Amino acid sequence: MPVGARTLTCYCEGHCPGNVQNGTCETRPGGSCFVAVEEVLDEETKQWVPEWSHGCMSPEQGGGLLQCKIGTNSPQIHGKGIVCCDNEDLCNRDLPLEYSPRTTTTPEPPLVNTNSMPLFALVISVALCLAGLVVVLGAIYCVYRRREKRKPAYLMNSLYNTTNGHMPIADLVEQTSGSGSGLPLLVQRTIAKQIQMVHSVGKGRYGEVWLAKWRDEKVAVKIFFTTEEASWFRETEIYQTVLMRNENILGFIAADIKGTGSWTQMLLITDYHELGSLHDYLQKRVLNPHMLKMLALSLASGVAHLHTEIFGTPGKPSIAHRDIKSKNILVKRNGQCAIADFGLAVKYTSESDEIQIAPNSRVGTRRYMAPEVLSETLDLKVFEGFKMADMYSVGLVFWEMARRCITTVRGAKNTTTCEDYALPYQDVVPSDPSFEDMYAVVCVKGVRPPIPQRWQDEDILVVLSKIMQECWHPSPAVRLTALRVKKTLVKLETDCTIKIV
């Protein structure tokens, strides 16, 4: 602040404090009074007219923002002018100020390039369309997300609603997204907590299977040993693969891990099939040709679904089972098969060309291993090899089924016969064969299960005997695919139907 600076009282108009008309204002020490003029456009006459204003100028503005030099006029540019004073109070009331008016009387309208109008309109239209599309997609997404968030809550309500009955498990599964990948995890855990164990129905190297109840429904609970965590994790992952659900794949319900710091219990909850495994079923019952056809076709259909990659959104990877045997196949009340036990399964997606092999110490069942697996010549980088190894095992299971199919003894119309149940290679290897045992029989000697002569007397046995022999061919490339086997059996059923009619 300059030494001896004083406060001035100035005449104000247009710049008065509180917008007072024709009043006064006081400057801060070192400030000045000013009078300014600026041409503005009269909206009625469309003429440029001068507009005067008086007021106080702060010390910071003097000679700064308004380019005011005290006692002199500022350059008259574009119809503007300003002059300042600080010699006495109200010195700006009659301070003379001249200005140079504009040369034009009305503002010139901006020039418009008529050639750019269509392009401009097109750009605006496209922008509006894109904005509308974004809004619509956003609304659809919000509705979808809202429904997805409500779905678990709706399912949870149905789990706890005991006053008006409850929703059956089959209906709960139907209420999912339709992707075929199972129930939401929260619902799975809730079901697992409500399970009541009844009694053990089987035990294997992976763990134990129990009959249990969820409310009034029977379910199967597979309890894994603590050393089989990799199998539990892999099987759960496979069951929850998108589009995995199929009538010939064991129906998955829930998976959960229970326990404390001292113990862990890994559960896998699935549909319960009281007839048990195909291995147990064939020991207790004989099959007629229709039953054999139903079992064989449903097994081929289940394997074909596993092996088939489904493209699209959502899609399904191709899956190889790697442990197909009669103990891992369940028999449903409708006479069809349901494939179970996916602890060793392998997934493959052609888009990424990646084979997802689980880090699992289990390697399958030696009795059902394909020659290339026993000889360790299977190329783990080519997924087709895993599928062909599956088909070798399928051929052996067909052989187990066929032995139990009754046929009429030649020359005795009322007499039927079938072979006793037997495991593949039961007569040439021990009950628990080693790799060396199986390699010597299957790879070195080239032994395959025998085909009884009586199988030539029944259509389904004739067809199955040809299928199984092609499936257990030593060269994987020669073996039939699951889809080819399925189509062959479907055609046989159709032909038989036509003959009956």
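The model shown is predicted, which means the values in this text are computed figures rather than measured ones.
For Tyr421 and His279, the ring centers sit closer than 6.0 Å to each other.
Between Phe383 and Tyr348, the angle of the ring planes stays under 30°, which puts this pair in the parallel group of the 30/60° scheme. Ring-plane geometry between Tyr206 and Phe224 is classed as tilted, the angle between the planes lying from 30 to 60 degrees on a 0 to 90 degree scale.
A heavy-atom distance below 4.5 Å is found between the side chains of Tyr239 and Leu268. Two residues are said to be in side-chain contact when any heavy atoms from C-beta on lie closer than 4.5 Å; Trp210 and Ser200 meet this criterion. By the 4.5 Å heavy-atom criterion applied to side chains, Gln265 and Leu267 are counted as neighbours. Side-chain atoms of Tyr368 and Asp323, non-hydrogen and from C-beta on, never get closer than 4.5 Å to each other. Side-chain contact between Thr349 and Glu354 is absent, with no heavy atoms from C-beta onward closer than 4.5 Å. When side chains are defined from C-beta on, Val198 does not count as touching Lys218, because their heavy atoms never get closer than 4.5 Å. Counting heavy atoms from C-beta outward, Lys213 and Val219 have side chains that stay 4.5 Å or more apart. Counting heavy atoms from C-beta on, the side chains of His290 and Met294 come closer than 4.5 Å.
Atoms OG and CD, from Ser301 and Glu247 in turn, are 7.5 Å apart once rounded to the nearest 0.5 Å. Taken from SG in Cys337 to CG in Leu330, the straight-line distance is 9.0 Å, to the nearest 0.5 Å. In this structure, NE2 on His473 lies 16.0 Å from CE on Met468, to the nearest 0.5 angstrom. Note that the CH2 atom of Trp455 and the CZ atom of Arg403 stand 7.0 Å from one another [nearest 0.5 Å]. How far CG of Leu396 is from OG1 of Thr365: 11.0 Å, rounded to the nearest 0.5 Å. Atom NE2 of His273 sits about 8.5 Å away from atom CG of Asn334, to the nearest 0.5 Å.
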Step by step, would you call Met401 with Leu464 a side-chain contact (heavy atoms from CB on, under 4.5 Å)? CA-CA 10 Å; Met401 294 180 185; Leu464 270 185; 5.5 Å; no
Would Arg454 and Glu419 count as a salt bridge (charged side-chain N to carboxylate O under 4.0 Å, His left out) here? Give the steps. CA-CA 10 Å; Arg454 73 172 186 90; Glu419 290 80 34; 2.6 Å; yes
Give the C-alpha distance, both sets of side-chain angles, the deciding distance and a yes or no for side-chain contact (heavy atoms from CB on, under 4.5 Å) between Ser350 and Glu309. CA-CA 8 Å; Ser350 59; Glu309 180 177 2; 3.1 Å; yes
Please report the C-alpha distance between Thr481 and His307 in whole Å, then the side-chain angles of each, then the deciding distance to 0.1 Å, and finally whether the side-chain contact (heavy atoms from CB on, under 4.5 Å) criterion is met. CA-CA 9 Å; Thr481 64; His307 286 185; over 6 Å; no
Apply side-chain contact (heavy atoms from CB on, under 4.5 Å) to residues Val463 and Ile467 and explain how you reach the verdict. CA-CA 6 Å; Val463 172; Ile467 289 174; 3.8 Å; yes
With salt bridge (charged side-chain N to carboxylate O under 4.0 Å, His left out) as the test, would you mind laying out the steps for Arg366 and Asp432 before giving the verdict? CA-CA 9 Å; Arg366 291 185 284 270; Asp432 185 20; 3.6 Å; yes
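Between Thr308 and Lys316, the shortest heavy-atom contact is O-NZ, 2.6 Å. Between Gly385 and Glu372, the shortest heavy-atom contact is O-OE2, 4.4 Å. Looking at every heavy atom in both residues, Ile324 comes nearest to Val397 through CG2-CG2, 4.2 Å. Closest approach of Thr417 and Val409 over heavy atoms only: CG2-CG2, 3.8 Å. Across Val485 and Phe398, no two heavy atoms sit closer than the pair CG1-CE1, 3.8 Å. The two residues Pro371 and Pro474 have their closest heavy-atom pair at CG-CA, 4.4 Å.
Ser326 and Glu400 form a side-chain donor-acceptor contact under 3.5 Å, judged by distance and modelled atom types alone. Counted by atom type alone, His305 and Asn248 present zero donor-acceptor pairs between their side chains at under 3.5 Å. A donor and an acceptor atom, one from each side chain of Ser393 and Asp390, are nowhere located under 3.5 Å apart. A donor-acceptor contact closer than 3.5 angstrom is absent between the side chains of Glu458 and Thr407.
Not one N or O on the side chain of Arg245 forms a donor-acceptor pair closer than 3.5 Å with the backbone of Gly251. At least one donor-acceptor pair closer than 3.5 Å links the side chain of Arg404 to the backbone N or O of Leu282. Side-chain N or O atoms of Arg479 include one that pairs as donor or acceptor with a backbone N or O of Met388 at under 3.5 Å. No donor-acceptor pair closer than 3.5 Å links the side chain of Glu237 to the backbone N or O of Phe233. The closest donor-acceptor contact from the side chain of Ser434 to the backbone of Asp437 lies under 3.5 Å. Distance alone, capped at 3.5 Å, is enough to place a donor-acceptor pair between the His321 side chain and the Asp341 backbone.
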Could you list the donor-acceptor pairs under 3.5 angstrom formed between side-chain atoms of residues 440-453 and any protein atom two or more places apart in sequence or on another chain?
{"residue": "Arg448", "atom": "NE", "partner": "Trp472", "partner atom": "O", "Å": "2.8"}
{"residue": "Arg448", "atom": "NH1", "partner": "Val442", "partner atom": "O", "Å": "3.2"}
{"residue": "Arg448", "atom": "NH2", "partner": "Trp472", "partner atom": "O", "Å": "3.3"}

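Atom CD of Gln456 is surrounded by more than 12 heavy atoms from other residues, nucleotides or ligands within 6.0 Å. Open room surrounds NZ on Lys327; 12 or fewer heavy atoms of other groups in view lie less than 6.0 Å from it. Shown here is Lys332, whose NZ atom has more than 12 heavy atoms of other residues, nucleotides or ligands within 6.0 Å.
Taking the charged nitrogens against the carboxylate oxygens, Glu235 and Lys222 do have a contact shorter than 4.0 Å, which makes a salt bridge.
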